[in-house]
Amino acid sequence: MAALEALLEETREAVAQRIGTGRVADYIPALARIDPHKFGIAVVDLEGRVTALGDAHEPFSIQSISKVFTLTLALGRLGQGIWKRVGREPSGSPFNSIVQLERERGIPRNPFINAGALAVSDVVISGAGGAAAAVEEITGFIRRLAQDPAIAVDPEVAASEKATGYRNAALANFMKGFGNLENPVEAVLEVYFKQCAIAMSCAQLARAALFLAAGGRDPVAGLEIVTRQRARRIKALMLTCGHYDASGDFAFRVGLPGKSGVGGGILAVVPSRCAVAVWSPGLNANGNSLVGTLALEQLAAKAGWSVFLG
């Protein structure tokens, strides 16, 4: 633990001059007010031990990181059938692009771009029996994974998302027109906006993703969350699609399955070792945390963590 604490300190020192840079997600008013100088990082190992520094225990809007958990739930509903509704290929396009969706007749390229996450939300709604029940299922699932009943949707962020979510509404209506949404567009948008507005800290996020580091099993609670095969599939999608049109660059620089969110968070998984979450609100041109990406690159290099080593 002492060695890991030292690594985190070295990582913070390596990126210290860049903290505060990048641009916060000002197109969502509630996120535009976040202090860009916030920085936190947490590592949770397979025994549940937390090593953290900075603002690692301060909740923030997880945004698209939530898509990892909703995909896990949707796979539990449909299994392989979900791939009739959404693809598994990197998009190479911005996360909210509609151009690709039109060309591919309403089938989103992968579950981590916005259109794909809307389709996944639709699957969860159908399984839960309604939008309100779906939101409760998603939050309840994340609470159990993180072992923290206090995790909740931030109502201010959810309202802000709804008030400005015109592109997401366009994507949902477009897919509805192609028959790729079973539920009303309004219900799908409600679930999507609220799942993105879930507030969590780095420490909570890393704990919630520990089952992916442990091959689908929560190693602390001793419970199987998903099969080893399914955990492998989820991590593969995180590696290839988790950072939108910068996914290849993240794999090249960091070498770990990861998922970013425009709230400035990044979740990464080190198979058979730990889960890592970092938060720095300033974003790069691709909508990923600028300093968070740099920090994970530094930490992975210093610790020798990469799925491509060996």
Worksheet entry | Backbone N/O of Gly106 and side chain of Asn180: donor-acceptor pair under 3.5 Å | yes

Worksheet item: Can you tell me if Gln229 and Arg232 form a side-chain donor-acceptor pair at under 3.5 Å?
Response: yes

Worksheet item: Does atom NZ of Lys176 have more than 12 heavy-atom neighbours from other groups under 6.0 Å away?
Response: yes

Response to the item:
All heavy atoms of Ser64 vs all of Lys259, minimum pair found to be O-CE, 3.4 Å

Fill in: Heavy-atom pair of closest approach, residues Met238 and Pro257
CB-CB, 3.9 Å

Discussion item. Minimum heavy-atom separation for Ala128 and Glu137, please, with both atom names.
Written reply: CB-OE1, 3.4 Å

Item to complete: Please report the shortest heavy-atom distance between Cys196 and Glu161, naming the atom on each side.
Response: CB-OE2, 3.7 Å

Practice prompt. Grab the two heavy atoms, one from Phe211 and one from Phe69, that are nearest each other, plus how far apart they are.
Written response: CE2-CE2, 4.4 Å

Practice prompt. Would you indicate whether the side-chain heavy atoms of Val220 and Arg207 approach each other to under 4.5 Å?
Written response: yes

Worksheet item: With hydrophobic residues grouped by side-chain heavy-atom distances under 4.5 Å, do Val135 and Leu73 end up in a single group?
Response: yes

Fill in: Leu31 vs Gln63 side-chain heavy atoms within contact, under 4.5 Å
yes

Worksheet item: Can you list the residues that meet the ring-ring contact (aromatic ring centres under 6.0 Å, His included) rule with Phe174, with sequence neighbours excluded?
Response: Phe178

Item to complete: Look at the side chain of Asn110 and the backbone N and O of Gly87, then say whether any donor-acceptor pair between them is shorter than 3.5 Å.
Response: no

Fill in: Steps toward side-chain contact (heavy atoms from CB on, under 4.5 Å) verdict (Leu171, Leu101)
CA-CA 8 Å; Leu171 291 168; Leu101 191 62; 3.8 Å; yes

Fill in: Transitive ILVMFWY side-chain link Ile107 to Met175, under 4.5 Å
no

Discussion item. Quick check: do Cys202 and Phe60 have side-chain heavy atoms less than 4.5 Å from each other?
Written reply: yes

Worksheet item: Applying the 4.5 Å side-chain criterion to the ILVMFWY set and letting contacts propagate, would Val24 and Ile65 be lumped into a single cluster?
Response: no

Worksheet item: Given the rule that I, L, V, M, F, W and Y join up when any side-chain heavy atoms are under 4.5 Å apart, are Val185 and Leu118 in one cluster?
Response: yes

Practice prompt. Anything under 30° is parallel, anything over 60° is perpendicular, the rest tilted; go ahead and classify His243 against Phe250.
Written response: parallel

Worksheet item: Going through the distances and angles, do Val269 and Leu256 end up as a side-chain contact (heavy atoms from CB on, under 4.5 Å)?
Response: CA-CA 6 Å; Val269 175; Leu256 296 172; over 6 Å; no

Worksheet item: Hey, mind stepping through Phe141 and Ile225 against side-chain contact (heavy atoms from CB on, under 4.5 Å) and telling me if it holds?
Response: CA-CA 10 Å; Phe141 180 54; Ile225 308 301; 3.9 Å; yes

Discussion item. Donor-acceptor pair, distance only, cut-off 3.5 Å: does the side chain of Lys302 make one with the backbone of Thr11?
Written reply: no

Item to complete: Quick one: pull up CG in Leu75 and CG in Leu78 and give me the separation to the nearest 0.5 Å.
Response: 8.5 Å

Item to complete: Write down the atom of Arg18, the atom of Val291, and the distance for their closest heavy-atom approach.
Response: O-CG2, 3.1 Å

Fill in: Within-4.5 Å side-chain heavy-atom neighbours: Leu53 and Phe39
yes

Practice prompt. Only counting residues at least two apart or in another chain, list the ones meeting salt bridge (charged side-chain N to carboxylate O under 4.0 Å, His left out) with Arg12.
Written response: Glu9

Fill in: Crowding at CD, Glu10 (>12 non-hydrogen neighbours, <6.0 Å)
yes

Practice prompt. For residues Glu58 and Trp279, determine if any side-chain heavy atom of one lies less than 4.5 Å from a side-chain heavy atom of the other.
Written response: yes

Worksheet item: Does the pair Arg143/Glu136 count as a salt bridge with the N-to-O cut at 4.0 Å?
Response: yes

Worksheet entry | Side chain Ser289, main chain Ser280, donor-acceptor under 3.5 Å | yes

Worksheet item: Heavy atoms, side chains only, cut-off 4.5 Å: are Val278 and Leu299 in contact?
Response: no

Worksheet item: Between Gln80 and Arg233, is a side-chain contact (heavy atoms from CB on, under 4.5 Å) present by the stated rule, with each step listed?
Response: CA-CA 11 Å; Gln80 291 295 102; Arg233 300 299 193 197; 5.6 Å; no

Worksheet item: Rounded to the nearest 0.5 Å, how far does CG of Leu210 lie from CG of Leu145?
Response: 9.5 Å

Worksheet item: Do Leu189 and Ile138 share a hydrophobic cluster, counting only Ile, Leu, Val, Met, Phe, Trp and Tyr and linking them when any side-chain heavy atoms are less than 4.5 Å apart?
Response: yes

Worksheet item: Do the charged groups of Arg85 and Asp122 touch, with an N to O distance under 4.0 Å?
Response: yes

Worksheet item: Hey, are the side chains of Pro281 and Asp35 touching, using non-hydrogen atoms and a 4.5 Å cut-off?
Response: no

Discussion item. Measuring only between side-chain heavy atoms, which start at C-beta, is Phe112 closer than 4.5 Å to Ser247?
Written reply: no

Discussion item. Keeping Arg77 on the side-chain end and Val123 on the backbone end, is there a donor-acceptor pair under 3.5 Å?
Written reply: no

Worksheet item: Under 3.5 Å, side chain of Asn284 to main-chain N/O of Asn286, donor-acceptor pair present?
Response: yes

